Amino acid sequence: MSKVFKPSPISGFPEYLPEIRRVEQQWIDHIRAVFESYGFCNIETPAVEEVDVLMAKGETDKEIYCLNRLQADPDDNSDARLALHFDQTVPLARYTAQHFNDLVFPFKRYQIQKVWRGERPQVGRMREFYQCDIDVIAVDNLPLHFDAEMPAVIYEALMGLNIGKVQIKISNRRILIGLLESLGIEDVISTTRIIDKLDKIGVDGVTAGLKDEIGLTDAQIASVLALSTIKTRSAAEVKDKLSALNVENEAFQQGVDELCFVLDYLSSMPEDAMLADLSIVRGLDYYTGTVYETNLLEIPEFTSSVCSGGRYDDLASSYINKKLPGVGISIGLTRLFSVLLEHGYIKAAPRSPADILMAIPSEEKRGLAQETAQALRKRGFKVELYHAPQKIKKQLSYAEKKSIPFVWFPPFEDGQSHEVKNMDGGEQIATTVESFTK
RNA sequence: GCGGCUGUAGCUCAGUGGUAGAGCCCUCGGUUGUGGUCCGAGUUGUCGCGGGUUCAAGUCCCGUCAGUCGCCCCA
């Protein structure tokens with residue numbers, strides 16, 4: 001006997017049993033339907049991009065998986081270096097630049113594909129996962145209304161998944177950047193990184209970090225905290241609290257105006273569904289204005305965002321000599337799904353999509369069973385034909401295991417009628433192909 | 001990439017130096033053409049891998065690989 005290679009799950013590369021995968025597929029169907037209902041059209045880009053494309057923005061910390069052939073000659077440099085994409089925004093930028101003349105702007109597209117990151121897996125963090133992106137890209141100018149449309153679309157998409165309450169948190173990077181500029185703080189990246197952790201490490205942790213790591217003065221820290229602790233859904237409150245800081249800075253003022261516009265636009269969203277949270281800044285460098293994060297209110301111990309995004313003034317300048325501002329947001333489908341699954345919020349679907357299992361009473365009746373199954377399919381039922389004229393007990397047990405709700409018996413003898421058994425209650429009645437209903 | 005914990009049946013795990021176990025799952029049976037419950041029988045293992053200590057190692061020691069949690073970062 002040949003030695004078996006014992007399979008084991010690959011960490012960070014999730015796979016599910018059919019009854020769970022069906023739920024994931026239903027989610028994808030729903031999200032897609034919502035995206036399309038707002039006029040977003042779909043594209044699919046290759047799993048790989050050229051390394052130069054992925055690295056154009058200097059994203060070196062993304063743990064990119066490179067692609068090379070097992071049999072490749074190490075000295076052969078004839079192939080372009082390819083790597084798996086780590087998000088869908090960079091491929092979108094490349095796509096938009098490449099097909100610029102054939103696209104209609106503002107270009108509204110959605111993309112539901114897998115992305116790959118070679119990071120260490122943890123709860124809610126995979127190495128292969130689905131992202132469901134929507135983005136709008138315009139030429140030169142992109143109206144702010146789109147910044148407000150993003151959360152509205154996402155909220156509708158998430159609500160249809162029956163995952164309880166979610167909260168979309170909104171901020172605008174210009175406000176903090178403007179403040180830091182006016183305070184003369186130079187190490188913007190490290191500073192924003194610390195502020196971004198406010199929810200996790202608290203005011204004391206942020207204070208300590210800003211003091212010890214960046215060397216900010218108490219007065220600077222006070223200003224930064226006064227800004228970043230603002231949490232409200234009221235545009236007026238944002239305006240009041242921020243003007244109290246007396247910041248003379250153009251970017252700051254623009255950011256405040258933009259954020260207030262978005263908040264006003266979304267003011268009809270349900271309580272808790274939306275919140276301005278000025279501690280949200282996002283690590284990604286290419287966001288320049290509005291930024292979003294989304295938390296699951298049902299699972300407070302899971303604090304990471306399940307849906308994030310933002311506005312970028314100029315994403316495609318590495319690939320085309322035009323200014324293409326955009327705004328986008330992405331549902332971290334695999335994260336969302338795996339975390340909810342882990343916490344017992346996802347109910348497995350039936351193991352089989354079939355409505356009816358067509359029993360085979362005997363070899364002589366196989367043809368009849370086949371014809372009956374086909375006739376029922378024509379009426380819109382999903383019908384699985386059992387594979388052999390085995391004991392009825394086995395055929396029923398099979399239907400039971402696959403959660404197929406009905407078992408259909410063609411007549412055992414000529415002249416008898418068809419019968420259908422409801423597996424839930426167990427009752428069995430005479431029926432016909434034309435009259436059967438679930 | 002750095003630190004803590006864990007590797008025993010398909011799954012969840014017990015086994016603290018002396019013959020490899022339990023529950024679940026799975027297969028078969030409990031008589032004519034009817035599932036679930038119940039009853040009975042059965043299959044399943046290089047104890048992650050390599051070395052060491054010992055009369056004897058799943059158990060102790062060293063290494064290694066994998067998993068997992070935290071850090072970094074992120075959907």
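Computed from a prediction, not measured in an experiment: that's the story for all the values here. Residue numbering restarts at 1 for every chain, and letters A, B, ... go by the order of the sequence lines.
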Salt bridge check, A:K169 against A:D199: does any charged N sit closer than 4.0 Å to a carboxylate O? yes

Other residues, nucleotides and ligands only: do more than 12 of their heavy atoms fall within 6.0 Å of CG on A:D212? yes

Using atom C1' of each nucleotide, how far apart are B:rC62 and B:rA57 to the nearest Å? 15 Å

d(CG, A:L17; P, B:rC11) in whole Å: 12 Å

Is there a donor-acceptor contact under 3.5 Å from the side chain of A:Q113 to the main chain of A:T45? yes

Expressed as a whole number of Å, how far does the C1' atom of B:rU8 sit from that of B:rG4? 23 Å

Would you call A:D147-A:R311 a salt bridge at under 4.0 Å N-O? yes

Separation between the P atoms of B:rA9 and B:rA20, rounded to whole Å: 15 Å

Rounding to the closest angstrom, what is the interatomic distance between B:rA14 and B:rA22 at atom C1'? 7 Å

Please identify each residue that fulfils salt bridge (charged side-chain N to carboxylate O under 4.0 Å, His left out) with A:K114, with sequence neighbours left out. A:E128

Interatomic distance at P, B:rC24 relative to B:rU37, whole Å: 12 Å

Rounded to whole angstroms, how far apart are CD on A:E293 and C1' on B:rC74? 10 Å

Applying the Watson-Crick and G-U wobble criteria at under 3.5 Å, what pairs with B:rU32? Answer none if nothing qualifies. none

Taking B:rG23 as the reference, what is the distance to B:rC38 when you measure between their P atoms (whole Å, please)? 14 Å

Inspect the contact between A:E19 and A:K347 and indicate whether a charged nitrogen and a carboxylate oxygen are less than 4.0 angstrom apart. no

Indicate whether OP1 or OP2 belonging to B:rC74 is found under 4.0 Å from a side-chain N or O atom of A:S308. no

Quick one: A:E119 CD to B:rU68 P, roughly how many Å, whole number? 15 Å

To the nearest angstrom, how far is A:D199 atom CG from B:rC74 atom P? 15 Å

For a quick test of reading the model, state the closest non-hydrogen atom pair linking A:R173 to A:T192 and the distance between them. NH2-OG1, 4.3 Å

Contacts satisfying salt bridge (charged side-chain N to carboxylate O under 4.0 Å, His left out) that involve residues 393-418 of chain A (not counting sequence neighbours) are A:K365-A:D414, A:E384-A:K402

Using a strict 4.0 Å threshold on nitrogen-to-oxygen distance, state whether A:R94 and A:D52 make a salt bridge. no

Whether A:Q395 contacts B:rU34 is assessed here as follows: a side-chain N or O lying under 4.0 Å from the phosphate OP1 or OP2. Is that the case? no

Return the value, rounded to whole Å, for the distance between atom CH2 of A:W116 and atom C1' of B:rC73. 20 Å

Which base, if any, makes a Watson-Crick or G-U wobble pair with B:rC25, both distances under 3.5 Å? none

Under the salt bridge (charged side-chain N to carboxylate O under 4.0 Å, His left out) test, residues paired with A:R125 that sit two or more places apart: A:E119

With rounding to the closest Å, how many angstrom separate the C1' atoms on B:rU64 and B:rU6? 16 Å

Can you name the atoms? Protein N/O to nucleotides 35-39 of chain B N/O, anything below 3.5 Å, with the distance.
unit_1: B:rG35; atom_1: N1; unit_2: A:M423; atom_2: O; d: 2.6
unit_1: B:rG35; atom_1: N2; unit_2: A:E400; atom_2: OE1; d: 2.5
unit_1: B:rG35; atom_1: N2; unit_2: A:M423; atom_2: O; d: 2.7
unit_1: B:rG35; atom_1: N3; unit_2: A:E400; atom_2: OE1; d: 3.3
unit_1: B:rG36; atom_1: N2; unit_2: A:D424; atom_2: O; d: 3.3

Separation of B:rC72 P from A:D196 CG (nearest whole Å): 11 Å

Pair assignment for B:rC60, Watson-Crick or G-U wobble, requiring both distances under 3.5 Å: B:rG52

Proximity to RNA chain B (any heavy atom under 4.0 Å), residues of residues 128-138 of chain A only: A:F129, A:Q131

Should the pair A:F13 and A:Y65 be assigned to parallel (<30°), tilted (30 to 60°) or perpendicular (>60°) ring geometry? tilted

Opposite nucleotide pairing with B:rC47, Watson-Crick or G-U, both atom distances under 3.5 Å: none

Can you label the angle between the A:H85 ring and the A:W116 ring as parallel, tilted or perpendicular, going by 30° and 60°? tilted

Under 4.0 Å between any heavy atoms, over every strand shown, what does A:K197 touch: base, sugar-phosphate, or nothing? Just pick one. sugar-phosphate

Report the distance from atom CZ of A:R117 to atom P of B:rG1, rounded to the nearest whole Å. 19 Å

Would you call A:D272 and A:K165 a salt bridge, taking side-chain N to carboxylate O under 4.0 Å as the test? yes

For B:rC71, take OP1 and OP2 only and decide whether either is under 4.0 Å from a side-chain N or O of A:K200. yes

Nucleic acid contacts - residues 331-353 of chain A versus RNA chain B, non-hydrogen atoms under 4.0 Å: A:G332, A:R335

Touch class at under 4.0 angstrom, heavy-atom based, for A:V123 against every strand present: sugar-phosphate

Taking 4.0 Å as the cut-off, does a side-chain nitrogen or oxygen of A:K391 come that near to OP1 or OP2 on B:rG29? yes

To the nearest Å, give me how far apart CD (A:Q390) and C1' (B:rG33) are. 15 Å

To the closest 0.5 Å, what do you measure between NE2 (A:H30) and CZ (A:R32)? 13.5 Å

Using a distance-only criterion (donor-acceptor N/O pair, under 3.5 Å, no hydrogens), is the base of B:rC73 paired with the side chain of A:R125? yes

Euclidean distance for C1', B:rC13 against B:rG17 (whole angstrom): 22 Å

